[in-house]
Structure formats: structure tokens, C-alpha cells
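Okay, so here's the structure we're looking at.
Each ligand, and each atom within it, is numbered from 1 in the order the structure gives.
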Amino acid sequence: MGKKIVVALGGNAILTDDPTALGQQKVLKETAEKLVALVKQGHELVISHGNGPQVGNLLNQQMNADSEINPALPLDSCVAMTQGSIGFWLQNAMNEALKEENIDKQTASIITQCLVDKDDPAFMNPTKPVGPFLTEEEAKTVAEKDGSVYIEDAGRGWRKVVASPKPLEIIEYPIVENLVKNGFITISAGGGGIPVIKTEEGIKGIEAVIDKDFAAAKLAELVKADYLIILTGVDYVFINYGKENQKKLEDVTLTELKEYINQNQFAAGSMLPKVEAVVNFLENSPNAKAVITSLDNIANLKDELTGTVVKNNNYLENAI
Ligand SMILES: Nc1ncnc2c1ncn2[C@@H]1O[C@H](COP(=O)(O)OP(=O)(O)O)[C@@H](O)[C@H]1O
Ligand SMILES: NC(=O)OP(=O)(O)O
């Protein structure tokens with residue numbers, strides 16, 4: 001039976017080794033073909049995606065935009081720009097792949113804003129890695145020059161970090177809901193959604209990058225998804241990751257996952273937000289499942305869910 005699936009696309013599904021516009025469109029073409037295979041199997045897709053590498057690159061480009069005729073744009077505008085460019089590439093790639101499979105459906109990307117709390121403590125403590133990976137030496141040189149903050153990112157190199165408040169509301173959700181109900185494939189809350197706050201003058205952007213895994217979890221809760229699938233660079237989540245005794249997690253309950261979080265098993269800025277997003281979703285969606293896996297692994301969805309599959313302790317196997 002077809003399922004309603006919220007897919008959160010991670011960096012690898014958009015950008016691999018070639019960060020040019022053409023390079024990213026090539027990767028997205030392959031991603032779209034894999035996603036359309038799910039539509040062909042009768043599943044309903046609600047798509048969201050990250051923007052960490054892209055928004056970091058754009059932010060770095062703003063450092064050179066220092067004149068009145070070429071002003072630097074704030075981070076919330078950079079999020080909007082990357083949401084627009086990735087949405088543009090992905091929407092076209094999806095529609096092309098649907099056409100190739102003779103599926104009479106269309107994909108629409110929606111510029112989506114997420115409400116955040118201006119007093120979210122995340123504004124005082126930047127944790128979200130964006131942009132390229134640098135060596136420690138390169139990172140320290142840049143940080144000294146422009147005052148930005150860099151951290152070591154899960155053994156993969158040094159990356160710039162920015163504030164990452166939690167999404168409280170998806171402002172355009174009623175539009176997304178309407179499109180989903182009418183059979184459209186949607187791309188929304190891209191890059192975690194454009195962070196905004198409510199002011200007396202109305203909605204206003206605020207400089208931050210929301211974690212797309214939290215925004216996708218909120219979206220999955222709102223659309224009442226059967227599955228939240230977070231696609232990333234690994235087939236499974238591991239405990240003792242990177243150590244000799246690392247162990248992959250296949251089927252885990254929500255309680256077990258929370259226990260691993262309490263043991264500090266997951267790295268902040270990479271795997272921690274994904275597992276926390278899974279917890280948020282499942283706590284509000286008792287009879288749904290969440291999966292963290294790679295894009296290649298979703299082809300197996302036809303037979304069974306593979307990857308790290310998480311469900312509530314009292315999940316009813318045949319309820320949906
Ligand atoms: N405990 C863990 N289990 C598996 N992978 C981990 C773990 N901790 C960190 N990682 C690394 O984090 C990556 C996922 O984070 P990231 O690349 O930031 O996500 P995204 O795919 O959304 O861009 C994985 O591909 C892996 O390299
Ligand atoms: N906004 C966001 O979380 O993007 P990534 O998943 O690409 O880091």
C-alpha cells in the first residue's frame with residue numbers, strides 16, 4: 001500500500017564533488033530518478049532538503065561584496081536564495097523524471113518561511129556547520145580575518161558555524177497542505193525554511209540557518225506522514241561512530257534511541273539533529289516510522305524499510 005513519505009534530502013543528494021550549478025543539477029537529476037521510483041511504487045512524496053554547503057558558500061561570497069553598489073546580503077536572504085536555486089533545480093529534475101516515467105504528476109517548490117523565537121538560546125551559541133570543509137590552519141586564518149566561528153565537524157574537517165534556532169511554525173504550511181491534498185509533489189521548508197520572527201510590523205527575516213531535519217520533522221508531523229525518511233551520506237546510524245567497536249543501528253525503538261542520545265553517542269551538527277528530529281516526529285506521530293539512511297538504500301523500500309528504522313515502542317505493524 002502506498003505511504004505518505006516526507007523525504008529530507010541531505011548534502012550528498014544535492015552536492016557531491018562539483019559545487020557548480022551544473023554539477024549540482026547533475027546530482028539532482030540522479031536524486032530525482034530515485035525519488036520518482038518511489039512515486040512509481042504508489043507512494044506520496046513530500047520533499048524537503050538541506051542547504052548547508054550552498055548557504056555557507058553564498059555567505060562566504062558575501063564577504064567580498066563590500067561596496068554600496070555590491071552590498072552583502074544578510075544570512076536569511078542567503079537561505080532564501082539557496083531555497084530558490086535548489087528548489088528550481090530539483091523541481092525541474094523531478095518533473096523531467098516524472099515525464100520519463102509517464103507519470104502524470106507535477107512538482108512545485110514553495111518559498112517557505114519558518115517562525116523561530118527571537119530569544120532562542122541558539123542565537124547566543126552558533127552550532128550549525130555550513131559551507132566547505134577546511135583544514136584547522138585554514139579555518140583559524142579565516143576566523144582571525146573575518147571574526148567568524150569555526151568548529152571541527154564529526155572528524156571531517158573544520159566548518160563555519162552559524163546560529164540554528166528551532167522551527168516553531170511553518171508559515172506557508174496551509175499552501176503545502178493544499179497542494180499535497182491535490183496530488184502535487186511539493187518541495188518545501190528547503191534549507192530548514194527561511195528563519196523569520198514576528199514583529200509589530202509583520203514577519204521579518206533573522207540571520208540563522210534552521211536545521212532541515214527539524215523542519216522536515218515538523219512538516220512530517222503536520223502532513224501526518226507514515227514515514228519520515230532522512231537521507232544522508234551513510235546507510236545506517238552508528239553508535240561508537242568512528243571507533244573500533246562502532247555498531248550500526250538497524251531496528252530501534254524510540255526509547256532505545258533516546259537512551260543513545262543521553263549517552264552522547266551522536267555528534268552535534270551532523271547526526272545529533274537527525275536523531276533528535278526523529279524523536280520529535282515520533283513523539284507526535286505514534287503510528288509512524290522514521291528512517292535514517294542513504295539515497296541508494298531507498299530503492300529497497302519496495303520490499304521493506306532498510307537503514308536505521310525507528311518506531312514507537314507500541315507501534316502497531318498493520319495499523320497503516
Ligand atoms: N553516529 C553516526 N553515525 C553515522 N554517521 C555519523 C555519525 N556521526 C556523524 N556521522 C557523519 O555525519 C554525516 C551526516 O551529517 P551531515 O553530513 O551533516 O548531514 P547531511 O547529509 O544532512 O548534510 C554522515 O554522513 C556521517 O559522515
Ligand atoms: N539547513 C540544513 O540543515 O542544511 P544541511 O542539511 O545541508 O546541513
Side-chain angles (χ1 to χ4, degrees), residues 7-16 19 24 27-28 31 47-59 75-76 78-83 85-87 90 112 114 116 122 126-133 151-157 159-167 188-195 208-219 228-243 245-250 252 257 260-261 263-278 291-297 307-308 310:
V7 192
L9 298 175
N12 277 31
I14 310 169
L15 195 161
T16 50
Q24 295 188 65
V27 177
L28 281 167
T31 297
I47 304 172
S48 192
H49 62 81
N51 69 342
Q54 297 81 0
V55 79
N57 283 350
L58 199 51
L59 192 60
L75 183 52
D76 45 300
C78 292
V79 173
M81 287 161 78
T82 55
Q83 198 184 81
S85 55
I86 298 170
L90 183 55
T112 323
C114 283
V116 301
T127 55
K128 169 81 194 148
V130 295
F133 291 89
I151 60 154
E152 203 277 332
D153 183 0
R156 299 178 293 179
R159 283 180 100 185
K160 181 176 280 187
V161 280
V162 297
S164 192
K166 295 284 179 299
S188 64
I194 304 158
V209 175
I210 299 170
D211 205 292
K212 65 106 183 17
D213 300 310
F214 288 117
K218 174 128 293 254
L219 186 63
L228 165 64
I229 303 187
I230 298 182
L231 296 174
T232 185
V234 283
D235 291 344
Y236 295 93
V237 177
F238 289 82
I239 51 169
N240 302 319
Y241 181 66
K243 298 186 187 148
N245 62 342
Q246 73 171 20
K247 182 175 158 249
K248 70 180 177 195
L249 299 177
E250 291 182 85
V252 277
L257 189 65
Y260 292 132
I261 293 174
Q263 291 171 9
N264 292 324
Q265 285 284 353
F266 308 114
S270 58
M271 198 44 80
L272 185 62
K274 295 184 200 313
V275 291
E276 287 181 337
V278 163
V291 186
I292 302 177
T293 192
S294 68
L295 184 61
D296 286 332
N297 235 348
T308 297
V310 192

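- One finds the CD1 atom of Ile239 at 13.0 Å from the CE atom of Met271 (value rounded to the nearest 0.5 Å).
- Residue Gly10 places no heavy atom under 4.0 Å from ligand 2.
- A donor-acceptor pair under 3.5 Å links the side-chain atoms of Ser48 to the main chain of Ala189, judged by distance alone.
- Using a 4.0 Å cutoff on heavy atoms, Gln246 does not count as a contact of ligand 1.
- Close contacts of ligand 2 with Gly50, meaning ligand atoms under 4.0 Å from a residue heavy atom, involve 4 (O), 5 (P), 6 (O), 7 (O).
- Residue Gly10 places no N or O, backbone or side chain, under 3.5 Å from any N or O of ligand 1.
- The atoms of ligand 1 that sit less than 4.0 Å from any heavy atom of Gly11 are 20 (P), 21 (O), 23 (O).
- Near Asp211, meaning under 4.0 Å from any of its heavy atoms, are these atoms of ligand 2: 3 (O).
- Residue Pro53 has at least one heavy-atom neighbour below 4.0 Å for each of these atoms of ligand 2: 7 (O).
- Nearest to atom 1 (N) of ligand 2 among the protein's heavy atoms is Asn51 OD1, 2.9 Å.
- Residue Thr232 places at least one N or O, backbone or side chain, under 3.5 Å from an N or O of ligand 1.
- Under 4.0 angstrom from ligand 1, the non-hydrogen atoms of Phe266 all belong to its side chain.
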Pair Val237-Lys274, side chain to side chain contact (heavy atoms under 4.5 Å, CB included): steps then yes or no: CA-CA 10 Å; Val237 177; Lys274 295 184 200 313; over 6 Å; no
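- Using a 4.0 angstrom heavy-atom cutoff, Ile210 counts as in contact with ligand 2.
- For Val116 against Pro167, the heavy-atom pair with the smallest separation is CG1-CA, 4.4 Å.
- On a distance-only criterion, Lys128 and ligand 2 share at least one N/O pair closer than 3.5 Å.
- Atom 6 (O) of ligand 2 has as its closest protein heavy atom Lys212 NZ, 2.9 Å.
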With side chain to side chain contact (heavy atoms under 4.5 Å, CB included) as the test, would you mind laying out the steps for Thr293 and Leu231 before giving the verdict? CA-CA 5 Å; Thr293 192; Leu231 296 174; 3.9 Å; yes
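- Of all atoms in ligand 1, numbered sequentially from 1 with element shown, those under 4.0 Å from a heavy atom of Lys212 are 22 (O).
- Of all heavy-atom pairs spanning Gly191 and Lys212, the tightest one is C-CB, 4.3 Å.
- For the pair Leu249 and Tyr260, the minimum side-chain heavy-atom distance is below 4.5 Å.
- The ligand atoms of ligand 2 that sit less than 4.0 angstrom from a heavy atom of Gly52 are 4 (O), 5 (P), 7 (O), 8 (O).
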When you look at Leu75 and Leu59, which way does the side chain to side chain contact (heavy atoms under 4.5 Å, CB included) test go after all the steps? CA-CA 7 Å; Leu75 183 52; Leu59 192 60; 3.9 Å; yes
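- At under 3.5 Å, not a single nitrogen or oxygen of Val209, backbone or side chain, sits near a nitrogen or oxygen of ligand 2.
- Counting the atoms of ligand 1 from 1 in the order shown, those under 4.0 Å from a heavy atom of Gly233 are 25 (O).
- The heavy atom nearest to atom 6 (C) of ligand 1, considering only Tyr241, Phe238, Tyr260, is found in Tyr241.
- Considering all non-hydrogen atoms of both residues, Val79 and Thr82 come closest at O-OG1, 2.8 Å.
- Between Tyr241 and Phe238, the ring planes lie tilted relative to each other; the angle falls in the 30° to 60° range.
- The contact set between ligand 1 and Tyr236, taken as ligand atoms under 4.0 Å from a residue heavy atom, comprises 4 (C).
- Interatomic distance, Ile229 CD1 to Leu9 CG, rounded to the nearest 0.5 Å: 10.5 Å.
- The heavy atom nearest to atom 16 (P) of ligand 1, out of those in Arg156, Lys128, Met271, is found in Arg156.
- With rounding to the nearest 0.5 angstrom, the CD atom of Gln24 is 9.0 Å from the OG1 atom of Thr16.
- Annotation: the span from Asn240 atom CG to Gln265 atom CD amounts to 4.5 Å, rounded to 0.5 Å.
- Taking every heavy atom of Ser270 and a limit of under 4.0 angstrom, the matching atoms of ligand 1 come to 9 (C), 12 (O), 15 (O), 18 (O).
- Residues Thr31 and Ile14 have side chains not in contact (no heavy-atom distance under 4.5 Å, counting atoms from C-beta outward).
- For ligand 2, the atoms lying closer than 4.0 Å to a non-hydrogen atom of Gly191 are 1 (N).
- Inclusion of Lys274 in the set of residues having an N or O under 3.5 Å from an N or O of ligand 1 is warranted.
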